[in-house]
Amino acid sequence: MLEDVLHRDNLNQAYLKVVQNKGTAGVDGRDTTELKHQISEEWTDVHERLLSGTYQPSPIRRVKIPKPDGGQRKLGIPTVMDRLIQQALNLYLQPIYDPAFSEHSYGFRPGRRAHDAVRKAKQYINEGYTWVVDIDLEKFFDTVNHDRLMRTLSHRIQDGRILRIIRKYLQAGMMDQGVTQANTMGTPQGSPLSPLLSNIVLDEWDKEMEKRGIRFVRYADDCQIYAGSRKAAERIFRKMTRFLEKTMRLKVNQTKSAVDRPWKRKFLGFSFTASSKGNSKIRVHRTSLERAKDRIRTITSRRWSISMEDRIKKLNQFLVGWRNYFALAETPTPFRRMMEWIRRRLRMIRWKEWKTPKTRKRKLRGLGVSPAKAHEWGNTRKGYWRVACSPILHHTLNDAYWRRLGLKSLI
DNA sequence: TGCCCAGCCAC
RNA sequence: GUUGUGGCUGGGCA
Ligand SMILES: Nc1ncnc2c1ncn2[C@H]1C[C@H](O)[C@@H](COP(=O)(O)OP(=O)(O)OP(=O)(O)O)O1
Ligand SMILES: [Mg+2]
């Protein structure tokens with residue numbers, strides 16, 4: 001019921017999410033800090049029009065951002081008011097739809113992690129299904145068919161007012177450089193409701209695969225299907241391509257999709273080691289490792305004026321976060337070599353704040369080092385480095401290392 | 001247990 | 001200039 005969507009508690013939660021996301025303004029130029037004020041001024045009117053079915057959402061704002069593969073991602077940013085309403089719809093619809101989704105679907109779903117999807121994939125491979133049909137959809141969100149989506153929504157949602165609001169959001173159009181344009185397909189990349197809608201769309205595909213007893217793992221539009229032979233995999237690929245394009249009206253991305261061995265493919269940032277004895281292991285895919293190196297290069301770039309301490313803090317929090325996700329890998333990631341590489345890069349930077357022994361000693365004292373030790377270590381750059389910076393980097397490798405040096409905390 | 005902040009990853 | 005969903009890590013507050 002629409003009244004449940006617009007209930008105080010639901011709206012309050014939706015409001016908090018919009019504000020805490022700290023996103024930027026939509027076409028009306030109002031940002032999240034103004035939302036409270038905007039609600040107090042406009043909500044009674046908006047609420048009225050939502051109930052009477054005369055609410056008209058604003059068009060989305062087009063923003064293009066670079067994709068990791070070099071392409072462009074076209075974001076569609078709704079106004080904060082529309083984000084609030086969509087958050088409320090999402091909070092209401094998520095618990096209705098999510099429990100009915102497939103066990104093998106992992107993307108955009110509460111309580112489900114990419115790690116579980118990768119573990120499941122590994123299990124299939126080690127059960128002997130060593131051929132994979134790797135399917136990715138082309139411009140997935142942008143190609144979602146409105147009529148099909150609305151029809152599937154109408155199966156579970158009785159309240160026609162909710163359906164009409166969702167349809168209005170799908171048809172809200174976009175505004176680019178002052179020109180508004182209507183749109184006939186797709187759900188905006190950047191709308192709070194889009195991820196759930198996309199899962200509602202692809203749930204039909206999940207059900208189709210389950211009906212055929214296919215072993216698969218899906219994360220958003222990235223689906224891995226496992227088979228025992230190349231022939232079987234290719235047959236599934238043809239069947240699924242036909243299903244997706246003919247009956248679902250979506251497009252299979254020919255350059256990103258393929259039938260191959262799992263260890264030749266990337267899935268959620270990981271890949272696998274080759275094995276014919278059911279002994280494949282999870283490893284970090286090289287492109288993910290390259291992206292990490294790129295990030296480190298920019299943090300340790302000489303052209304970036306930032307204090308050494310801040311640089312190391314940034315580096316450390318990146319490495320800790322990065323490693324946390326990729327710790328799932330079972331092959332030893334070359335962390336030690338990476339650390340050496342990072343240290344070499346940092347040493348090449350001329351840090352002017354450490355020019356004199358005096359400033360170095362004062363810093364060490366501030367870190368809780370005894371006067372005698374501060375004198376000893378602060379005299380040389382090398383000594384300062386070893387005590388004040390190196391342990392932080394080492395910390396990501398070995399927690400015991402810097403405790404040994406008698407430093408409690410640098411961060 | 002709840003809330004807030006910073007960040008990382010997937011899509 | 002960068003939206004969204006979901007997950008996770010670290011820190012802080014009571
Ligand atoms: N940063 C993001 N913000 C919002 N939505 C996103 C973001 N990244 C991915 N998505 C959503 C929208 C995409 O259509 C969907 C699948 O991602 P992805 O396959 O990388 O792109 P895509 O399917 O739109 O283009 P491509 O043709 O390159 O596959 O996930
Ligand atoms: Mg895609």
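Computed from a predicted model, the values in this text were never measured in an experiment. Every chain is numbered from 1, with letters handed out A, B, ... down the list of sequences. Values reported hereafter were calculated over all heavy atoms of this structure, with side chains retained and with hydrogens, waters and symmetry mates removed.
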Describe the nucleic acid contact of [X] in one word from base, sugar-phosphate, nothing, applying a heavy-atom distance below 4.0 Å.
{"X": "A:Ile65", "value": "base"}
{"X": "A:Ser194", "value": "nothing"}
{"X": "A:Gly26", "value": "nothing"}
{"X": "A:Arg62", "value": "nothing"}
{"X": "A:Leu75", "value": "base"}
{"X": "A:Pro66", "value": "base"}
{"X": "A:Gly107", "value": "nothing"}
{"X": "A:Gly190", "value": "base"}

Say whether [X] and [Y], considering side chains only, have a donor N or O and an acceptor N or O under 3.5 Å apart.
{"X": "A:Arg242", "Y": "A:Thr247", "value": "no"}
{"X": "A:Asn145", "Y": "A:Arg151", "value": "no"}
{"X": "A:Tyr55", "Y": "A:Asp45", "value": "no"}
{"X": "A:Thr187", "Y": "A:Ser194", "value": "yes"}
{"X": "A:Tyr92", "Y": "A:Asn10", "value": "no"}

Quick one: is [X] getting a side-chain N or O under 4.0 Å of the [N] phosphate, OP1 or OP2?
{"X": "A:Lys22", "N": "B:dC5", "value": "yes"}
{"X": "A:Arg218", "N": "B:dC11", "value": "no"}
{"X": "A:Arg109", "N": "C:G6", "value": "no"}
{"X": "A:Lys314", "N": "C:G10", "value": "no"}
{"X": "A:Arg112", "N": "C:C8", "value": "no"}
{"X": "A:Gln317", "N": "C:U9", "value": "no"}
{"X": "A:Arg295", "N": "B:dC8", "value": "yes"}
{"X": "A:Asn21", "N": "C:G4", "value": "yes"}
{"X": "A:Arg73", "N": "C:U3", "value": "no"}
{"X": "A:Gln94", "N": "C:G6", "value": "yes"}
{"X": "A:Thr24", "N": "C:U2", "value": "yes"}

**Report entry** Inter-nucleotide P distance (B:dG7, C:U2), Å rounded
**Finding:** 16 Å
Query - Under 3.5 Å donor-acceptor, A:Arg109 side chain and A:Asp98 backbone - result: yes
**Report entry** Base-pairing mate for B:dC8 - Watson-Crick or G-U, with both contacts under 3.5 Å
**Finding:** C:G7
**Report entry** Identity of whatever pairs with C:U2 - Watson-Crick or G-U, under 3.5 angstrom
**Finding:** none
Roughly how many Å is it from [atom1] in [X] to [atom2] in [N], rounded to a whole number?
{"X": "A:Asp82", "N": "C:U3", "atom1": "CG", "atom2": "P", "answer": "16 Å"}
{"X": "A:Tyr106", "N": "C:C8", "atom1": "OH", "atom2": "P", "answer": "15 Å"}
{"X": "A:Gln189", "N": "C:U3", "atom1": "CD", "atom2": "C1'", "answer": "9 Å"}
{"X": "A:Asp116", "N": "B:dA10", "atom1": "CG", "atom2": "P", "answer": "16 Å"}
{"X": "A:Leu328", "N": "C:G7", "atom1": "CG", "atom2": "P", "answer": "17 Å"}
{"X": "A:Gln20", "N": "B:dG2", "atom1": "CD", "atom2": "C1'", "answer": "13 Å"}
{"X": "A:Asn316", "N": "B:dA6", "atom1": "CG", "atom2": "C1'", "answer": "13 Å"}
{"X": "A:Leu137", "N": "B:dA10", "atom1": "CG", "atom2": "P", "answer": "19 Å"}

With respect to the side chain of [X], which nucleotide from [options] is positioned closest?
{"X": "A:Phe326", "options": "C:U3, B:dC9, C:G6", "value": "B:dC9"}
{"X": "A:Asp221", "options": "B:dC9, B:dC11, C:G6", "value": "B:dC11"}
{"X": "A:Phe108", "options": "B:dA10, B:dC9, C:G4", "value": "C:G4"}
{"X": "A:Tyr219", "options": "B:dC11, B:dC9, B:dC5", "value": "B:dC11"}
{"X": "A:Phe318", "options": "B:dC11, C:U2, B:dC8", "value": "B:dC8"}
{"X": "A:Asn324", "options": "C:C8, B:dC5, B:dA10", "value": "C:C8"}

Query raised in the report: If you find the nucleotide of DNA chain B closest to A:Leu16 and the one closest to A:Ser288, which residue's nucleotide is nearer the 5' end?
Result: A:Leu16
Report task. List the steps, then state whether salt bridge (charged side-chain N to carboxylate O under 4.0 Å, His left out) holds for A:Glu330 with A:Arg119. Result -> CA-CA 11 Å; A:Glu330 297 163 304; A:Arg119 282 199 201 95; over 6 Å; no
Requested in this report: Let me know, please, whether A:Pro78 or A:Lys17 comes out on the 5' side of the other along RNA chain C by nearest nucleotide.
Outcome: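 Here A:Pro78 is the residue nearer the 5' end.
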Query - Stepwise side chain to side chain donor-acceptor pair (under 3.5 Å) check, A:Ser102 with A:Glu210 - result: CA-CA 8 Å; A:Ser102 167; A:Glu210 278 174 351; 2.7 Å; yes
